[in-house]
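Proteins get letters first, then strands, A, B, ... in listed order; numbering begins at 1 in each. Since this is a predicted model, take the numbers as computed values, not measurements.
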Amino acid sequence: MEAFQLLSRGGVQFNKKKFKNDVSLFSQVQPKKPRTKTETASGHLPSELDFFRYSKSSTEKRQISDPREAGPRKRARIEDPQNEEQEGDEAETEGGQEHGERKATKQRVTAKGQNIPSPAESFFHLKERYNLPQYLMSNLEKYGFRRPTGIQSHGCPILMEARDLAAISPTGTGKTLSYLLPVFTALRAPSTSATVGAGRGTRAVILAPTRELAHQIYNECLKLAEGRKWRIVLFSKATAATLADKSVQEKVDIIISTPLRLVAAKRSGNIDLSNVRHLILDEADRMLDPEFLEQVQEITAACTHDDIQKAVFSATLPANAEKIAMGMLRNPVRIVVGLKDTPLPLIAQSLTYVADDASKLPTLLQYLSQPYNPPIVVFAATQPRATSLAEELVLHEVPNVDCLHAGMTNKEREDAVRRMQRGECWVLVSTEVMARGMDFKGVREVINYDFPRSVQSYVHRIGRTGRAGREGKAVTYFTNEDGPFLKAIANVILQSGSTVPEWMLKLPKPSKMKRKQMGKVKRADAVNPARSIGRRDAIKKRDMIAGSKRRKETAAAGVDVDSADED
DNA sequence: AAAAAAC
């Protein structure tokens with residue numbers, strides 16, 4: 001592992017020529033026409049592919065052909081009552097409408113519940129209505145938050161009026177800030193201050209499904225907290241230990257944690273949650289998955305204060321998760337920004353046909369040998385596949401490749417995130433662990449190397465790009481085996497305003513049996529069938545690295561050394 | 001429907 005990491009970090013030379021059209025990592029992308037289409041790796045389709053029978057009339061359904069048209073077209077859709085999500089007694093508003101000024105990117109907002117607080121047009125309005133402290137206003141300005149996003153203008157008032165909230169808003173639309181602002185406003189002053197209204201100690205808990213996401217939320221907290229002596233704790237083994245001291249715990253204001261970590265502290269009696277007034281579940285549907293649910297419920301039960309406000313946030317919320325969430329909330333407001341379970345139209349999505357698993361690597365290598373827009377996030381289905389793919393890319397001289405999955409050590413994970421944030425990583429190969437919430441601002445493109453297992457997974461994965469109003473590109477590889485899952489994803493792409501070949505939508509709905517069967521197809525750990533991963537160890541890796549050097553030298557002489565790497 | 005993630 002060590003050797004591989006060294007190699008992936010520093011062992012590959014920067015190839016300027018390859019990127020001469022893209023010198024600056026963070027410069028504005030030329031708005032390209034988003035195309036959603038089916039590309040074939042080999043240029044022709046094998047006739048035995050049964051689901052391509054439907055492609056005879058492969059005319060494309062066209063909704064929005066250009067992201068710049070998204071505004072007006074979206075508007076047209078809003079006015080079409082047939083497209084409205086039907087709700088019972090609901091208030092419906094569109095941000096900005098009542099003041100005449102509307103940005104093209106504004107999305108439809110559906111709110112449901114009793115006495116729904118009206119949205120705030122600007123941070124200044126929030127301040128006027130809810131007495132937002134000046135330090136928050138300065139910090140907002142300092143960090144470039146000029147206007148609230150849809151979820152912020154609608155969600156903040158609801159939370160600031162002490163209501164429970166279920167909020168659904170697309171990826172990259174500022175959900176974190178929409179719950180942090182109300183939390184800071186409600187807490188008023190740090191525990192250490194003389195004028196604390198609501199008692200001392202932990203008064204807000206924010207839960208997230210991965211360490212990386214918890215850390216990112218923590219960083220956002222620190223931005224808003226500047227200038228005040230807030231004690232914000234990113235829960236870890238180390239911090240949990242220091243909190244065993246009651247006098248330390250009394251000074252804490254906000255805890256951000258993954259569920260199991262907090263449960264462990266609770267069980268050891270090291271944490272007092274009895275004064276928690278705000279409990280936030282980020283990536284709520286994930287947090288309500290069976291494996292997390294018990295832990296979340298244990299934490300909820302430990303938050304015994306009567307005046308507790310609960311809120312759940314996500315870009316996706318399947319019906320069963322929503323049912324559980326609503327059961328946890330008191331007289332909640334439910335708001336949906338845009339369309340539920342739908343990616344942003346800003347993301348140009350495409351599907352690429354690759355015949356089988358073995359064809360994916362050559363397809364990706366071919367793609368990465370041409371100029372592209374780094375950084376790219378590549379999603380693999382399992383940890384071994386992510387590792388294997390990253391190794392293959394490194395061995396094939398792709399520059400600045402990194403790998404990140406939960407099988408790695410904390411330090412390795414932190415290092416990978418840091419390199420990503422610094423723009424040192426151009427291709428990040430990862431698993432589902434990176435799929436949710438992570439905000440790497442420069443990510444231009446997502447590649448689903450392995451087909452996502454659910455619509456939710458797809459939406460969150462591709463949501464790593466196209467954040468905060470930027471454009472993004474998402475490519476999804478699909479093989480013959482992915483056929484049964486293709487239709488659902490095609491529908492999502494269509495929903496989000498991109499185009500999809502009509503035959504995909506005509507695919508038969510796969511039966512449960514069929515899905516079960518297909519789902520059981522075992523994916524090889526090694527991404528390159530020519531290499532066996534079974535006997536991999538440090539020595540083997542050293543050989544591979546040596547092999548890659550040899551390859552480099554012999555490549556010029558036209559000698560094929562690939563076979564030398566085989567077992 | 002299943003892997004990944006959580007310690």
Between atom [atom1] in [X] and atom [atom2] in [N], what is the gap in whole Å?
| X | N | atom1 | atom2 | answer |
| --- | --- | --- | --- | --- |
| A:Met438 | B:dA5 | CE | P | 13 Å |
| A:Asn410 | B:dA5 | CG | P | 13 Å |
| A:Met287 | B:dA6 | CE | C1' | 9 Å |
| A:Arg211 | B:dA6 | CZ | P | 5 Å |
| A:Asp285 | B:dA5 | CG | P | 16 Å |
| A:Leu207 | B:dA6 | CG | P | 13 Å |
| A:Leu486 | B:dA1 | CG | C1' | 17 Å |
| A:Asp482 | B:dA1 | CG | P | 16 Å |

Margin query: Quick check on B:dA3: is either OP1 or OP2 less than 4.0 Å from any side-chain nitrogen or oxygen of A:Thr431?
Written below: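 No, because none of the side-chain N or O atoms of A:Thr431 sits under 4.0 Å from OP1 or OP2 of B:dA3.
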Quick one: which of [options] gets closest to the side chain of [X]?
| X | options | answer |
| --- | --- | --- |
| A:Arg413 | B:dA4, B:dA5, B:dA3 | B:dA5 |
| A:Gln383 | B:dA1, B:dA3, B:dA5 | B:dA5 |
| A:Glu432 | B:dA4, B:dC7, B:dA1 | B:dA4 |
| A:His405 | B:dA5, B:dA1, B:dC7 | B:dA5 |

Next item on the list: Decide side-chain hydrogen bond (donor to acceptor under 3.5 Å, both in side chains) for A:Gln349 and A:Ser496; before the verdict, give the C-alpha distance in whole Å, the side-chain angles of both, and the deciding distance to 0.1 Å.
Entry: CA-CA 9 Å; A:Gln349 304 163 63; A:Ser496 66; 2.7 Å; yes
Next item on the list: Hey, could you give me each pair passing salt bridge (charged side-chain N to carboxylate O under 4.0 Å, His left out) that has a residue in residues 312-325 of chain A? Not counting sequence neighbours.
Entry: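 Qualifying pairs, neighbours excluded: A:Glu322-A:Arg334, A:Glu322-A:Lys340.
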Note to self: Applying a 4.0 Å non-hydrogen cut-off, can you work out what A:Pro209 is touching in the nucleic acid: base, sugar-phosphate, or nothing?
What the structure shows: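 It contacts sugar-phosphate atoms only.
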Check: Looking across every strand, which nucleic acid part, if any, lies under 4.0 Å from A:Ala406 by heavy atom: base, sugar-phosphate, or nothing?
Finding: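 A:Ala406: backbone/sugar contact only, no base atoms under 4.0 Å.
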Next item on the list: Check step by step if side-chain hydrogen bond (donor to acceptor under 3.5 Å, both in side chains) holds for A:Tyr179 and A:Gln152.
Entry: CA-CA 8 Å; A:Tyr179 59 74; A:Gln152 288 158 8; over 6 Å; no
Next item on the list: Give a yes or no on whether a donor-acceptor pair under 3.5 Å exists between the nucleobase atoms of B:dA4, that is its base, and the side chain of A:Arg286.
Entry: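 Indeed there is one.
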Margin query: Evaluate A:Phe379 against A:Tyr449 for ring-ring contact (aromatic ring centres under 6.0 Å, His included), listing each step before the verdict.
Written below: CA-CA 6 Å; A:Phe379 284 102; A:Tyr449 188 86; over 10 Å; no
Notebook entry, point to check: Would you call A:Asp356-A:Arg523 a salt bridge at under 4.0 Å N-O?
Noted result: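 Between A:Arg523 and A:Asp356 there is no salt bridge, as every charged N stays at least 4.0 Å from the carboxylate O atoms.
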